[in-house]
Each structure stands twice: as structure tokens, then as C-alpha cells.
2 protein chains.
Amino acid sequence: MSRVLVIEDDTHIRDLIVLHLGLEGLDTEAVGDGLEGLARAGAQAFDLIVLDLMLPGMDGVSICRSIRREGPNQDVPIMMLTARREESDKVLGLESGADDYLAKPFGIRELVARVRALLRRPRRSQLQAEAAGAGDRPIEIHGLHIDPSRRRARVRGADVDLTAQEFRLLFVLATHPGIVFSREALLTRVWPDRTYVTERSVDSLVKRLRRRIEVDPADPAIILTVWGSGYKFADV
Amino acid sequence: MSRVLVIEDDTHIRDLIVLHLGLEGLDTEAVGDGLEGLARAGAQAFDLIVLDLMLPGMDGVSICRSIRREGPNQDVPIMMLTARREESDKVLGLESGADDYLAKPFGIRELVARVRALLRRPRRSQLQAEAAGAGDRPIEIHGLHIDPSRRRARVRGADVDLTAQEFRLLFVLATHPGIVFSREALLTRVWPDRTYVTERSVDSLVKRLRRRIEVDPADPAIILTVWGSGYKFADV
DNA sequence: GGCGGCTGCCACAGTTTTCTCACACGCCAG
DNA sequence: CTGGCGTGTGAGAAAACTGTGGCAGCCGCC
């Protein structure tokens, strides 16, 4: 189930959005404050973020930039909302890194349709970078050494063989220690193309990965289960 | 500052692209007509060309071929855009000499990311020069002695005859021990002209190379398969 | 303690990826 | 023109990996 974060101060609109996205089968979480939204976005991986441009305390553009700069939602589609109709706003919104833009007042059905479209759109940035062979630096964490360009992982000094998929999962989690990823979030981040794959498969993959890197797979110390939410890499 | 030529008839998309590439610090020039684009490409050297597949008057594939055939932009990376999602289009685009391909509707951020990637990637001509190894020093690794300037390879003391292609493959891999190369990456690095070649050919070439340098070709110790990713030269 | 919902686990069928091979084609020297 | 060599390709076999469903066990809550 896709997770959506809604950042919107107007209670009425917020509830409306949550209601309708909920009816669409999306797991929707909403906050009314910019800073809180930013905190939420930094702590958990979502599949899409709906963001109001006009917020008390902190404006949407800054939030958008922050989200894009780093963290688990760097590559997540962002849908901007704004009360103003001016073209300059539109430009501003897209400049700051939003993927789509909707001017208030909008029809809720249109919002839903666009959200669906954004979710459907394959996310390729990460895969793309990997394919280009550019950029990914090795990381070192928790006694783990992970080197993407060599596709090599070492645990406590010993090399472990990982399949391509196990490796991607480990990499995604390890680069965001402490961040909770829902199964859905992992599906879009780890699976090469988001065909019809059950969330069950995530469990399987996690189990396989644990078997290879955990000292005691029955009592995981690295890949942790967050009951009711998903999985996370152990905090530092 | 890199110069980019955008050939796209849809005004909205064109402006969006120009805006964002401009924000990226690229010097962007745009035309809405295929013939005009061709004229522009013939008159001036760019660092990258973004080309819509569907254009009024002249289709993108023909333009792509024209640009590739001669002129100052023969070796410049070309990024294809298309409204259609069919695989056949993709093949058509890449066959005609495009370097990357993006199906509409696309996220503007993805376009920017890919453009960046293409610009980062060294030109074909440079690659070929690098692969040909003109003027490179001989290297010694894993009981292998490889001398690019003489195009000679010795394995465990014995000279081996390698074809030009086998040699290029060996050289590319041996100069980056441990680094995993996807088949695609090898195609652009080893093959003099990347058009009309399938990834199967990489398999074949690897097999032929192994037959010549491995003690037991059935159980390779030098050129290793990285399942789901590609091939690599054995780590030291 | 009982209950509903979530997660761990497992085997195996199914899928994807790689390997192997034979053959055809193009190129070049003789 | 002809033969030899290097190379690309497709098909089928082989190998590796992965998704799934169901059940058992665990968690949090009433």
C-alpha cells in the first residue's frame, strides 16, 4: 500500500484530501505544519508527498528544497498545491523540484487522478545512476562495508555474496539508517520495475538478506522490523 | 558552460525543458521545428542534443541519423523524447544513434538527471581512444601482462593471441579490477561503434576471451560473472 | 487470556539471467 | 574468386534467483 504524506494547513482541505486518497486505497498521513512535515519526511520514506505552497511558518518551496536535498524522500514525487494562479508561482514550484502542480481551487478528482499518475510513473533516478556507473561511493556503517560499484558487501571483515536484489535492499536501507521504510516504499525503491509484486516478497527478501548478514538471523541486530510499519536499518 | 540544443515542437514542454536546463547552468537553445533544428545542428557544435521523436515535417529518427552522419555534432550525445511507450520505438531510437531515451510523460527532474549523466559521460571518440589504449602503459596483474601499445598479452608467461576486440575487453576490465561493468557499459567501451549490437555479443566475447586466458574456462578465475549485473575482473 | 492482525518461515514452481553452440555474414589477403 | 578469420545472433539448455501461499508464531490491545 502506497504511503502518502500530506502537508497542508487548511484543515478542511487536508481532511478532504486524506479522505479521498484513503478511499483510493492509499495510506495517507497528514500534518498541518511545515516544520512538522519536514520532520516527518526526514524520518520515514513515503511514496508521494502532497505539499501546500503557502504554509504558516515555513513556505512550501523551502520545504520542497529541503526534502530534495537529502533524506529518504529525495526522489519521491512531490505534488504542489497553491492558492495563487500566477504563472510565476507555477514556475517557482517546478523550479524547487516539484513534479506536478495544482492550483486551488481544484477538483478533488483531479487531485486524485494526478496523484495516481505520479505514483504510476516509474522512478528511475536511482537505477539510472547505477546503470551509468557514476557516482555511488562505498559506505561504511555498523561494521558493514558496502561498495556499489564493485557490488561487494563485507560484514565484520568477511565478504558476503549477495544477489542483485539483496544488494539493492541492503544499500537502500544502509544509506538511511534509522529511517523506516514501508514495504511499499521498498518495492518502489528496490524492485527494478514495479510490476505486480506482493508485499510478501519484501518479507522474503528481508529474510534472505538477514540470513546472510546477521549474526543471529532469528534475532536481527542490523535489519530491524518496525511492527506495523515496515523495516529499518539499525540506528547508529 | 555546456551548450544544449533542444528540438521539440510542443511549446509547453520546450519551455519547461529550457527553464530547467537553464537552472542547471546549461546554455540552452531551443527550436520547434525539425528542419530548423537540423540547420542549427549543422551550423554549430553543441555538447548535447535533446530531440523529440515526433516532429512536424520531419521525424526525429531521420534528424538523428542526419546529425550522426556528418557535421560538428557527429559525436554529441543525443537524448530522444517520445510520446509513445512501445518497445519498438525504443529500439528505433537507439538504433538510429540516440544515446538515451525517455518516454513522455516524463518527470522533468528525470530528464535533467539524465542530461547531466550524458554530459558527464566522456564522448564516444574519447572512449574509443581510451579503449584503444594508444600510448598507455603496460599493466601487470593477476599473472597477466598486458601491453596496450603493442597489443600484446601474456598469461602465466605464455603469449596469447587475442583479437582486437578481445584485447579491448580485457584491457577495459583489467584496468578496473573489481569494478562491475554492465553489458551496456561494456558495449559503449569496447565496441568501436555501438549501433546494431545486442547484449548477447558481450556474452560471446567474454566466452571467447575466457577460452584464451582462463586455466579452466568452465570455472573462471579472472573474468568473473556478477549475476544480475555484468562482469568484472577478479579482485586483487 | 483471548483475539485479530502482522510477520517469519519454507518449499517449490516459475521466471529471469547466463552459458553454450552452431551458423551465417562480412572482410581481407592471397 | 576463395578460403580463413573474426564476429553477431538466436535458440535452447542450464543455472540462479525470486514470488507465492499457507501456516505457525508473535505482537499489541481489549
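To find a chain, count down the sequence lines: A is the first, B the second, and so on, and within it residues start at 1.
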Q: Write down the distance between CH2 (A:W227) and C1' (C:dG8), rounded to a whole number of angstrom.
A: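 Interatomic distance, CH2 of A:W227 to C1' of C:dG8: 12 Å.
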Q: What does A:S204 touch in the nucleic acid at a heavy-atom separation under 4.0 angstrom: a base, only the sugar-phosphate, or nothing?
A: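 The residue A:S204 makes base contact.
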Q: Going by modelled atom types, is there a donor-acceptor pair between the base of C:dG8 and the side chain of A:R210 at under 3.5 Å?
A: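 A donor-acceptor contact between them is absent.
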Q: Which part of the nucleic acid, if any, lies within contact of B:T198, taking any heavy atom under 4.0 Å across all strands shown: a base, the sugar-phosphate backbone alone, or nothing?
A: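 Counting heavy atoms under 4.0 Å across all strands, the contact made by B:T198 is with sugar-phosphate only.
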Q: For a quick check of understanding: with a heavy-atom distance under 4.0 Å over all strands, which category does B:T225 fall into, base, sugar-phosphate or nothing?
A: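 Sugar-phosphate, no base atom in range.
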Q: Distance alone, cut at 3.5 Å: any donor-acceptor contact between the side chains of A:T225 and A:R210?
A: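 Short answer, yes.
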Q: One thing to verify: whether A:R212 and A:E166 come together as a salt bridge, which I'm taking to mean a side-chain N less than 4.0 angstrom from a carboxylate O.
A: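 The answer is yes: the pair qualifies as a salt bridge.
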Q: Write down the distance between CD (A:Q165) and C1' (C:dT17), rounded to a whole number of angstrom.
A: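 That distance rounds to 13 Å.
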Q: Can you give me the closest heavy-atom contact between A:L35 and A:D33, atom names plus distance?
A: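 Looks like N-OD2, 3.2 Å.
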Q: Nearest whole Å is fine: how far is C:dT7 P from A:L224 CG?
A: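 Atom-to-atom, A:L224 to C:dT7, this comes out as 14 Å.
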Q: Looking only at non-hydrogen atoms, find the nearest pair between B:I223 and B:I213 and report the distance.
A: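 Smallest interatomic distance, heavy atoms only, reads CG1-CD1, 4.0 Å.
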Q: Taking atom types as modelled, find out whether A:R3 and A:Q44 have a side-chain donor-acceptor pair closer than 3.5 angstrom.
A: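 Present: a donor and an acceptor within the cut-off.
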Q: Going by distance alone, is a donor N or O of one side chain under 3.5 Å from an acceptor N or O of the other, for A:S149 and A:D147?
A: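 There is such a pair (donor and acceptor under 3.5 Å, judged by atom type) between the side chains of A:S149 and A:D147.
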Q: Could you tell me from which nucleotide to which nucleotide of DNA chain D, 5' to 3', there is an atom under 4.0 Å from chain A heavy atoms?
A: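 Going 5' to 3' along DNA chain D, contacts run D:dC17 to D:dC27.
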Q: Quick one: which residue pairs count as a salt bridge (Lys or Arg N to Asp or Glu O under 4.0 Å) with a foot in residues 10-26 of chain A, not counting sequence neighbours?
A: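 Non-adjacent pairs meeting salt bridge (Lys or Arg N to Asp or Glu O under 4.0 Å): A:E24-A:R116.
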Q: Rounded to the nearest Å, what distance is computed from the CZ atom of residue A:R151 to the C1' atom of nucleotide C:dT17?
A: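 Value for this atom pair: 12 Å.
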Q: Roughly, in whole Å, what's the span from CZ in A:R200 to C1' in C:dC9?
A: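 The distance from CZ of A:R200 to C1' of C:dC9 comes to 10 Å, rounded to the nearest Å.
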Q: Heavy-atom nearest nucleotide on DNA chain C for A:A218 versus B:G230: which residue maps closer to 5'?
A: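 Looking at the nearest nucleotide for each, A:A218 comes out on the 5' side.
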Q: Looking at A:Y231, I'd like to know whether one of its side-chain N or O atoms comes within less than 4.0 Å of OP1 or OP2 on C:dG8.
A: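 Looking at the OP1 and OP2 atoms of C:dG8, one of them is under 4.0 Å from a side-chain N or O of A:Y231.
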Q: How long is the line joining CZ of B:R183 and P of C:dT16, in whole Å?
A: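 One finds 16 Å between P of C:dT16 and CZ of B:R183, rounded.
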Q: Side chain of A:R208 only, please: which of C:dT7, C:dA11, C:dA22 is the nearest?
A: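 Among C:dT7, C:dA11, C:dA22, the one nearest the side chain of A:R208 is C:dA11.
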Q: Starting at atom CG of B:L205, determine the distance to atom P of C:dC21, rounded to an integer number of angstrom.
A: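 Interatomic distance, CG of B:L205 to P of C:dC21: 16 Å.
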Q: Just how far, in rounded Å, is P of C:dT18 from CZ of B:F181?
A: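 So the two atoms are 16 Å apart, to the nearest Å.
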